[in-house]
2 protein chains.
Amino acid sequence: MDNRSKLLSEALNLFSDRGFDAVGVQEIVNVCGVKKPTLYHYFKNKIGLLETIFSENFVALKNQISLASEYKHDITNNLNQITKTFFEYAKEHQKFYRMQLSMYFSPPENEVHQIAIKYNKELHDLLEEMFKNAVKDHGNFRDREGLYAATYLGMVNTYIGMFLNRYVEIDEALIYRLVHQFMHGIFS
Amino acid sequence: MDNRSKLLSEALNLFSDRGFDAVGVQEIVNVCGVKKPTLYHYFKNKIGLLETIFSENFVALKNQISLASEYKHDITNNLNQITKTFFEYAKEHQKFYRMQLSMYFSPPENEVHQIAIKYNKELHDLLEEMFKNAVKDHGNFRDREGLYAATYLGMVNTYIGMFLNRYVEIDEALIYRLVHQFMHGIFS
DNA sequence: TTACTAATATACCTACCGGTATATATAATT
DNA sequence: AATTATATATACCGGTAGGTATATTAGTAA
């Protein structure tokens with residue numbers, strides 16, 4: 001594996017385990033067996049390294065969610081598809097998802113929070129768009145599209161968090177449970 | 001206000017806004033108008049300062065949750081009481097709750113995570129105990145008490161997170177929604 | 001008054017932080 | 001063969017991190 005990929009991969013591991021601020025660039029390059037200028041050759045600075053990790057890992061997730069959220073007059077089906085996509089992605093990219101989640105919840109004025117917010121907003125917007133399209137069939141969704149998107153994302157991340165901490169296993173039953181719990185919340 | 005209280009209060013503010021690692025002890029003492037040895041006179045070290053913030057802020061919450069989770073053959077009532085307690089506490093201690101939440105979600109090997117886990121486990125155990133007591137009346141709860149406690153805490157924190165980011169207002173309706181969404185999840 | 005303890009200040013420690021100036025090696029292009 | 005762009009190494013920068021040795025002050029107890 002080339003040094004650039006090695007740096008991205010090892011930095012992700014370290015950030016995921018201990019946090020961005022707690023890991024120094026010196027440690028990253030040590031683990032990779034390279035020197036500091038090599039890191040700064042490929043990335044603008046430490047935060048730029050993180051930005052690259054985010055952008056390269058988010059592409060796939062965003063594309064899949066984009067597909068799964070295409071509204072075709074069956075919101076339940078959409079939610080099932082989206083949930084499945086999230087769960088499978090989290091399962092296959094546990095290190096990244098863990099890091100991403102922790103940064104999403106990190107303090108508002110922390111630089112890493114801004115980055116996490118930026119990428120998560122793209123997902124939020126896809127979901128909001130879907131709920132907006134569903135207003136044709138579900139009039140009572142009107143003006144709550146953003147709220148629904150946020151609530152749904154919150155629930156997905158709650159369950160993924162429980163999975164990452166080995167409280168639940170990801171399977172069809174969990175998808176069913178989440179979707180119906182969410183739907184019950186918005187239809188009653 | 002005495003220097004000890006000032007240090008606790010200003011450190012909480014800074015940690016909540018920017019994160020534990022991102023704030024130096026020098027900055028804390030500057031804001032308080034004291035010198036470093038004063039901080040180290042009252043607290044063992046930086047992490048000891050955080051420990052004190054946690055222990056002094058968690059006492060009230062834990063006591064209230066302990067009361068609200070006393071099982072009296074009406075689990076719905078318990079959940080309503082507990083939810084109300086959480087919401088009111090989060091509303092009155094926004095800075096602390098924000099910090100506490102972010103640390104709960106911070107990376108597993110990060111020192112602050114361990115502290116957050118330790119205190120949250122006490123709440124988890126209270127809820128698990130309540131669900132255990134409820135098994136007498138709800139046999140289908142058996143062996144899922146821990147899972148229910150975790151799921152419920154996850155939902156509460158999701159809603160509190162949305163409140164802290166001004167996505168929802170905390171009121172009776174929100175309590176009702178959360179409790180019924182959770183109950184629907186476990187009774188179906 | 002003396003002795004003791006709690007509280008605060010001055011000044012300083014080592015270690016490490018993120019980042020870079022500069023040189024060199026390798027490989028592709030002309 | 002000469003030139004250029006890419007990639008890596010040596011050595012170093014100023015700044016700040018958490019933490020402390022030591023002295024001084026203020027208040028309390030004997």
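All of these numbers come straight from a predicted model, not from anything done at the bench.
- In this structure, the side chain to side chain contact (heavy atoms under 4.5 Å, CB included) partners of A116(B), at least two apart in sequence or on a different chain, are F54(B), M103(B), Y104(B), N120(B).
- Relative ring orientation between F131(B) and F182(B) is described as tilted, the plane-to-plane angle lying within the 30° to 60° band.
- Regarding K46(A), its NZ atom lies at a distance of 12 Å from the C1' atom of dG19(C), rounded to whole Å.
- Residue-level contact check: V23(B) touches the backbone only, with heavy atoms under 4.0 Å from sugar-phosphate atoms and none from bases.
- To the nearest angstrom, P of dG18(D) lies 6 Å from OH of Y40(B).
- Partners of E56(B) under the salt bridge (charged side-chain N to carboxylate O under 4.0 Å, His left out) rule, at least two apart in sequence or in another chain, are R4(B).
- The distance between atom NZ of K44(B) and atom P of dG19(D), rounded to the nearest whole Å, is 9 Å.
- Distance E27(A) CD to dA15(C) P: 18 Å, rounded to the nearest Å.
- Following rounding to the nearest Å, F43(A) (CZ) and dT8(D) (P) show an atom-to-atom distance of 11 Å.
- Rounded to whole Å, the distance from CG on L39(B) to C1' on dA7(C) is 13 Å.
- Side-chain contact, R98(A) with N165(A): a donor N or O sits under 3.5 Å from an acceptor N or O.
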Using the 3.5 Å cut-off, write out each protein N or O paired with an N or O of nucleotides 8-13 of chain C and the distance between them.
residue, atom, partner, partner atom, Å
dT8(C), OP1, N3(B), ND2, 2.7
dT8(C), OP2, Y42(B), OH, 2.7
dA9(C), OP2, K35(B), N, 3.4

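- For the pair L7(A) CG and dT8(D) C1', the computed distance is 12 Å after rounding to whole Å.
- No side-chain donor from either of Y176(B) and D171(B) sits under 3.5 Å from a side-chain acceptor of the other.
- The CG atom of N30(B) sits 11 Å away from the P atom of dT16(D) (whole-angstrom rounding).
- Salt bridge E109(B)/R18(A): absent, no basic N to carboxylate O contact under 4.0 Å.
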